[in-house]
Structures are given as C-alpha cells and as structure tokens.
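Reading through the structure tokens given below for one structure.
Not measured: the values here are computed from a predicted model.
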Amino acid sequence: MTLRELSYEYKEHADMLAVRIRALRQWARETEDAEQKARLERRIAELRPLLQEARELAVLTRHYYDRRYHRNGKYTL
C-alpha cells in the first residue's frame with residue numbers, strides 16, 4: 001500500500017468521524033436529560049482530536065512525496 005492509498009483511508013476515517021460527531025450533536029440538541037447531554041458533549045470532545053488527526057494525516061500522506069508540499073512539523077522526526 002502506498003502513502004497516497006493510505007491517505008484515502010485516513011480521509012474515509014475522518015468522514016466517518018465527522019458523521020458520528022454530527023449525529024451526536026443532533027442527539028445532544030434533542031435530548032432534555034442534562035446528564036445524557038453532558039455525556040454526549042464529552043464524547044464529542046473526545047472525538048474532535050481524532051477527527052483533526054485523521055484529517056491532518058490524510059493530507060500528509062497524500063502529499064508526502066510532493067516536493068512543494070510544506071510538511072506539518074507535528075508528524076516529522
């Protein structure tokens with residue numbers, strides 16, 4: 001598997017996380033139970049960094065070998 005092919009998997013993962021976060025937000029808006037709403041908001045907060053990382057890795061792996069691409073220092077050694 002090439003890094004470009006891997007980038008599509010990261011993108012797909014990010015898309016699935018985004019859909020899940022939207023569903024949780026909708027559920028949190030609709031619920032009247034304060035405890036459940038707090039649990040949903042906490043879960044959303046836990047998923048946000050995963051979404052951000054998946055998006056960043058999708059870009060990094062898609063453009064890893066492009067000479068003009070300025071790499072994200074967060075993921076370099």
Side-chain angles (χ1 to χ4, degrees):
M1 175 179 283
T2 66
L3 288 176
R4 183 169 289 280
E5 292 168 340
L6 186 60
S7 75
Y8 297 121
E9 290 191 22
Y10 279 121
K11 173 75 168 83
E12 184 178 327
H13 180 65
D15 292 344
M16 288 188 302
L17 284 168
V19 167
R20 180 64 177 154
I21 289 171
R22 278 194 298 273
L24 290 171
R25 281 187 183 138
Q26 181 65 31
W27 192 6
R29 279 193 296 269
E30 293 173 355
T31 189
E32 294 180 14
D33 182 7
E35 185 178 324
Q36 183 175 2
K37 186 173 191 153
R39 279 194 307 260
L40 291 168
E41 292 296 333
R42 191 171 37 252
R43 184 63 182 147
I44 291 167
E46 292 169 351
L47 290 175
R48 275 192 210 124
L50 298 176
L51 174 59
Q52 181 65 32
E53 185 174 85
R55 286 177 174 165
E56 290 171 353
L57 289 171
V59 171
L60 176 69
T61 54
R62 184 177 330 115
H63 299 289
Y64 188 80
Y65 295 109
D66 295 347
R67 289 181 182 253
R68 292 177 282 132
Y69 177 66
H70 185 278
R71 288 183 179 83
N72 184 336
K74 182 177 176 181
Y75 298 106
T76 58
L77 298 174

message: Grouping I, L, V, M, F, W and Y whenever their side-chain heavy atoms are under 4.5 Å apart, do L57 and L51 come out in a common cluster?
response: no

- prompt: Hey, any chance V59 and M1 share a hydrophobic cluster, counting ILVMFWY side chains that come within less than 4.5 Å of each other, even indirectly?
  reply: yes

- prompt: With sequence neighbours excluded, what pairs up with R48 under the side chain to side chain donor-acceptor pair (under 3.5 Å) test?
  reply: none

message: Going by side chain to side chain donor-acceptor pair (under 3.5 Å), name the residues that satisfy it together with E32, two or more places apart in sequence or in a different chain.
response: none

task: With sequence neighbours excluded, tell me which residues meet salt bridge (Lys or Arg N to Asp or Glu O under 4.0 Å) with R43.
output: E46

query: Looking at residues at least two apart in the chain, or sitting in another chain, which of them share a salt bridge (Lys or Arg N to Asp or Glu O under 4.0 Å) with E5?
result: none

message: To the closest 0.5 Å, what do you measure between NE2 (H13) and CD (E53)?
response: 8.5 Å

statement: So CD of E12 and CG of L17: to nearest 0.5 Å the spacing works out to 11.0 Å

- prompt: Going through the checks in order, is the salt bridge (Lys or Arg N to Asp or Glu O under 4.0 Å) test met by D33 and K37?
  reply: CA-CA 6 Å; D33 182 7; K37 186 173 191 153; over 6 Å; no

Validation: residues 19-29 side-chain donor-acceptor distances under 3.5 Å, sequence neighbours left out:
from : atom 1 : to  : atom 2 : distance (Å)
Q26  : OE1    : R29 : NH2    : 2.7
Q26  : NE2    : E30 : OE2    : 2.5

- request: Applying side chain to side chain contact (heavy atoms under 4.5 Å, CB included), name anything that partners T61, two or more places apart in sequence or on another chain.
  value: L3, L6, S7, Y10

